[in-house]
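Just the heavy atoms: all of them, side chains too, but no hydrogens, waters or symmetry mates, feed the values below. Note that the coordinates shown come from a computational prediction; the quantities given were computed from them, not determined experimentally. Residue indices begin at 1 and follow the sequence shown. Remember, it's 1-based here, ligands and their atoms both numbered in the order they're listed.
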Amino acid sequence: MTILAIETSCDETAAAVLRNGVMRANIIYSQTEHLKYGGVVPELASRAHIAKIHSVVQEALVKSDTMLGDIDLVAATCGPGLIGSLHVGLTFAKGLALARSLPLLGINHLEGHLYSATIEYPQLQPPFLCLIVSGGHTILANVLDYGECKILGQTQDDAAGEAFDKVAKILGLPYPGGPALERTAATGDPHYVDFPVAQLRQAPFDFSFSGLKTAVLYHAQALSEQERQRRLPDIAASFQRAVTRALSKSLVAAMEATGETSVALVGGVAQNNTLRQHLQSLVEAGAGTFFAPSAEYCADNAGMIAQAAYLLAGKRPPSPLSLSAVPNLPLATINADGEPSPVLQS
Ligand code: KG4
Ligand code: ZN
């Protein structure tokens with residue numbers, strides 16, 4: 001079975017080919033158009049996807065030695081994400097499916113992240129806990145089976161990656177903020193400031209990062225410019241420690257509450273080495289097994305969309321060509337009766 005997958009939900013134009021469960025190509029073009037604006041400009045993102053989609057798909061086919069006639073299934077991200085960006089990839093996939101009479105499978109971007117660690121770690125199988133930490137989402141989920149998960153907690157305000165990006169901006173670091181902040185924190189003292197970690201008593205698995213962001217802002221504003229520059233690594237390291245503590249707290253509570261011992265850390269922020277190492281130690285201290293994808297499968301990529309399609313194809317019918325892109329598509333969950341809720345709206 002050969003799957004061609006396309007992912008264009010934000011500012012990465014990506015295509016992948018998965019053949020019989022083996023990733024043969026995972027091509028990612030990260031748009032540089034947004035750098036000078038300090039954030040993703042949706043209209044520019046759509047235009048850049050249009051300019052790049054054909055060559056990125058072509059590259060994936062060539063690298064994987066795949067002819068159009070070899071493809072059995074076309075998968076594409078149908079949400080959540082930027083509506084214009086989603087449309088480019090989904091419409092391209094629909095065109096290909098229509099022209100070649102191939103089945104189409106719309107994939108939820110979050111389900112892509114959810115199963116992304118299984119690409120390199122096939123031993124990771126449901127049930128497991130998955131912490132998705134990306135620029136737009138922070139979700140702690142219990143994956144019960146392929147296509148069935150229970151959301152245990154999520155952020156009540158900013159996503160973890162969003163907090164990294166906003167704090168990086170406050171500290172005058174370049175965009176994208178996450179990697180810049182991690183580099184700055186490398187030489188800093190993580191115990192310089194005890195930034196607050198939100199305690200959400202009613203929702204012990206939820207997260208909140210907006211108070212932390214404000215605390216960093218107030219701290220930075222209280223320092224002279226010279227002192228702020230001198231303390232930059234210490235502030236960055238202290239912030240990174242606070243985010244790590246917040247994520248650890250909910251994860252440990254979820255391990256205890258569910259009894260799950262397999263834990264995956266996924267999404268763009270999962271590239272953060274301090275976070276990875278800390279969570280790995282915690283999980284292993286609790287006699288669990290920790291999984292995190294390598295960088296190419298943490299950030300947005302089509303490989304994870306292909307993998308989700310591979311795992312879900314037998315469980316879901318092909319999507320109609322009328323399938324819509326849905327900017328706020330929620331992660332599929334199970335309801336109180338244990339029945340899966342509908343994943344895709346067409
Ligand atoms: O999953 P992703 O590529 O895109 C979304 O679906 O949102 O995640 C992007 C996020 C950005 O907020 C970026 O700053 C963050 O991941 N990020 C990091 C690191 N690398 C990327 N955050 C912390 N440390 C990093 N090394
Ligand atoms: Zn993502």
Side-chain angles (χ1 to χ4, degrees), residues 5-14 16 26 28-31 34-35 38-40 42 45 76-82 85-86 89 107-117 130-139 141 154-155 157-171 173-186 188 190 207 209 212-213 216 236-237 239-244 246-247 264-279 292-305 307-308 327-331:
I6 295 173
E7 149 67 41
T8 60
S9 65
C10 190
D11 59 340
E12 263 83 28
T13 314
N26 184 38
I28 305 167
Y29 167 68
S30 291
Q31 300 176 356
H34 312 282
L35 289 176
V40 178
T77 306
C78 58
L82 300 171
S85 293
L86 287 167
I107 295 290
N108 184 315
H109 179 83
L110 294 170
E111 285 193 297
H113 280 303
L114 207 58
Y115 302 114
S116 58
C130 187
L131 182 54
I132 303 177
V133 276
S134 72
H137 298 86
T138 303
I139 297 175
Q154 48 194 321
T155 185
D157 38 60
D158 293 347
E162 193 179 354
F164 267 92
D165 293 336
K166 286 180 176 171
V167 164
K169 206 167 204 170
I170 289 169
L171 299 180
L173 300 173
Y175 169 84
L181 201 136
E182 182 178 18
R183 279 195 302 276
T184 306
F207 310 94
F209 294 110
L212 169 61
K213 173 195 63 191
V216 175
F239 162 77
Q240 196 170 256
R241 178 171 151 262
V243 174
T244 301
L247 295 171
L265 175 70
V266 302
V269 184
Q271 291 168 95
N272 186 287
N273 283 308
T274 306
L275 177 65
R276 283 170 90 103
Q277 284 161 12
H278 189 83
L279 291 188
S294 53
E296 74 170 305
Y297 296 118
C298 282
D300 288 349
N301 66 91
M304 67 183 192
I305 302 303
Q307 179 75 355
N328 56 355
L329 188 67
L331 183 57

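The residue from Asp300, Asn301, Asp158 that puts a heavy atom closest to atom 5 (C) of ligand 1 is Asp300. For atom 20 (N) of ligand 1, the nearest non-hydrogen atom from the set Glu162, His137, Arg183, Gln271 belongs to Gln271. Comparing heavy-atom distances from atom 23 (C) of ligand 1 across Leu275, Asn272, Ile132 singles out Asn272 as nearest.
Only side-chain heavy atoms of His113 come within less than 4.0 Å of ligand 1; its backbone N, CA, C and O stay farther off. Contact annotation: for Asp165 versus ligand 1, heavy atoms closer than 4.0 Å belong to the side chain alone. Of the heavy atoms in Pro179, both backbone and side-chain atoms come closer than 4.0 Å to ligand 1.
Within the structure, the closest approach of Gln240 to ligand 1 does not fall below 4.0 Å when heavy atoms are considered. Heavy atoms of Gly136 approach ligand 1 to within less than 4.0 angstrom. Residue Cys10 places no heavy atom under 4.0 Å from ligand 1.
Closest to atom 15 (C) of ligand 1, if we only count protein heavy atoms, is Val269 CG2, 3.9 Å. Shortest contact from atom 18 (C) of ligand 1 to any protein heavy atom: Gly178 CA, 3.6 Å.
For the pair Leu114 and Val266, the minimum side-chain heavy-atom distance is 4.5 Å or more. Counting heavy atoms from C-beta on, the side chains of Leu275 and Leu265 come closer than 4.5 Å. Taking 4.5 Å as the limit, every side-chain heavy atom of Asn108 sits out of range of all side-chain heavy atoms of Cys78. Under the 4.5 Å side-chain criterion, counting only non-hydrogen atoms from C-beta, Leu279 is in contact with Leu131.
Considering backbone and side-chain N/O atoms, Phe164 never comes within less than 3.5 Å of an N/O atom of ligand 1. Taking any N or O of Ala299, backbone or side chain, none lies under 3.5 Å from an N or O belonging to ligand 1. The N/O atoms of Glu12, backbone and side chain alike, include none that comes under 3.5 Å of an N/O atom in ligand 1. Checking only distances, Gly135 does come within under 3.5 Å of ligand 1, N or O to N or O. Backbone and side-chain nitrogen or oxygen atoms of Gly268 are examined, and one is located within less than 3.5 angstrom of a nitrogen or oxygen of ligand 1.
No donor-acceptor pair closer than 3.5 Å links the side chain of Asn272 to the backbone N or O of Ala270. Asp11 places no side-chain N or O within 3.5 Å of a backbone atom of Gln31 that could act as its donor or acceptor partner. Judged by distance alone, with hydrogens and angles left aside, the side-chain atoms of Asn26 form no donor-acceptor pair with the main-chain N or O of Ala16 at under 3.5 Å. Side-chain atoms of Gln277 do not come within 3.5 Å of backbone N or O of Thr274 as any donor-acceptor pair. Looking only at distances, no side-chain donor or acceptor of Glu7 sits under 3.5 Å from a matching main-chain atom of Thr13. Of the possible donor and acceptor atoms, one in the side chain of Thr138 sits under 3.5 Å from a partner among the backbone N and O of Ala160. Checking side-chain atoms of Thr77 against main-chain N and O of Gly79 turns up no donor-acceptor pair under 3.5 Å.
Glu12 pairs by the side chain to side chain donor-acceptor pair (under 3.5 Å) definition with Ser30, not counting sequence neighbours. Here Lys166 pairs with Asp158, Glu162 under the salt bridge (charged side-chain N to carboxylate O under 4.0 Å, His left out) rule; sequence neighbours left out. The side chain to side chain donor-acceptor pair (under 3.5 Å) search around Asp300 returns His109, His113, not counting sequence neighbours.
Interface of Glu182 with ligand 1, defined as ligand atoms under 4.0 Å from a residue heavy atom, comprises 25 (C), 26 (N). Proximity to His109 (heavy-atom distance under 4.0 Å) selects the following atoms of ligand 1: 6 (O). Listed by number with element, the atoms of ligand 1 under 4.0 Å from a non-hydrogen atom of Gly161 are 12 (O).
With Phe239 as the partner, the side-chain contact (heavy atoms from CB on, under 4.5 Å) test is satisfied by one option alone out of Val167, Thr244, Leu171: Val167.
Inspection of the environment of the Zn ion (ligand 2) yields the following protein N, O or S atoms under 2.8 Å: His109 NE2, His113 NE2, Asp300 OD1.
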